[in-house]
Every structure is written in structure tokens, then in C-alpha cells.
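Notes for the one structure printed next.
Computed from a predicted model, the values in this text were never measured in an experiment.
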Amino acid sequence: MNFVKGQDVSYTTLSGRSYRAVIVERKIDFKKGLIKKSAMKEMTYHYLIEVQKNDLKEKILCTANQLKVLEKKVRAKKAA
């Protein structure tokens, strides 16, 4: 799935914990040569996200399979 800048997503860490995040940059928007591969497992990064946890904002490089779209819950009105 392709995400866009500013989109709210759910970021899942390697330990399985999920955090709310926002897409800051996409791989195709990175300057040439700025980001190529991670040091671990030779994975290619796809997104730069901003995660807020414990009142701190942290920017993280991640792959697309670590992200999910946050679904906005809509309350259905019951007919009286």
C-alpha cells in the first residue's frame, strides 16, 4: 500500500508494539543517496515517520510492512 505525506498510520515495532504515527517523507521524496538501506537485515527503507510516545516525538525510518492505515471510527446514529 502506498501512503502519502501527512497521513496518520499505525507503526508496529519489531517487538510487536503499535504506536500512532504520521508520514513525514516517502522514499521517492528522499534526496538521492540520503537513505538507501538499513544496517540490519539489508532492508530498504520506504518511509520516514514521526512517532509520539511518552510526550516525546521521535522520527523513525521504517518499511511499508510496518505501517497500517489508522481507521477512523464513525459512530452510527440509531434510528429512534
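If you take CG on Leu48 and NZ on Lys5, they are separated by 10.0 Å, rounding to the nearest 0.5 Å. Atom NZ of Lys68 is separated from atom CG of Asn65 by 10.5 Å, given to the nearest 0.5 angstrom. To the nearest 0.5 Å, the span separating OH on Tyr19 from CD1 on Ile49 amounts to 11.5 Å.
Contacts of Val9 classified as side-chain contact (heavy atoms from CB on, under 4.5 Å), with partners at least two apart in sequence or in another chain: Phe3, Gln7, Ala21, Ile23, Leu67. Lys53 pairs by the salt bridge (Lys or Arg N to Asp or Glu O under 4.0 Å) definition with Glu58, not counting sequence neighbours. Residues passing the side-chain hydrogen bond (donor to acceptor under 3.5 Å, both in side chains) test with Ser18 are Thr12, sequence neighbours excluded.
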Show the numbers, then the answer: is there a side chain to side chain contact (heavy atoms under 4.5 Å, CB included) between Gln52 and Val22? CA-CA 9 Å; Gln52 185 169 355; Val22 175; over 6 Å; no
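Taking both residues in full, the closest heavy atoms of Tyr11 and Val51 are given as CD2-CG2, 4.0 Å, listed atom of the first, atom of the second, then distance. The two residues Val4 and Arg26 have their closest heavy-atom pair at CA-CD, 4.1 Å.
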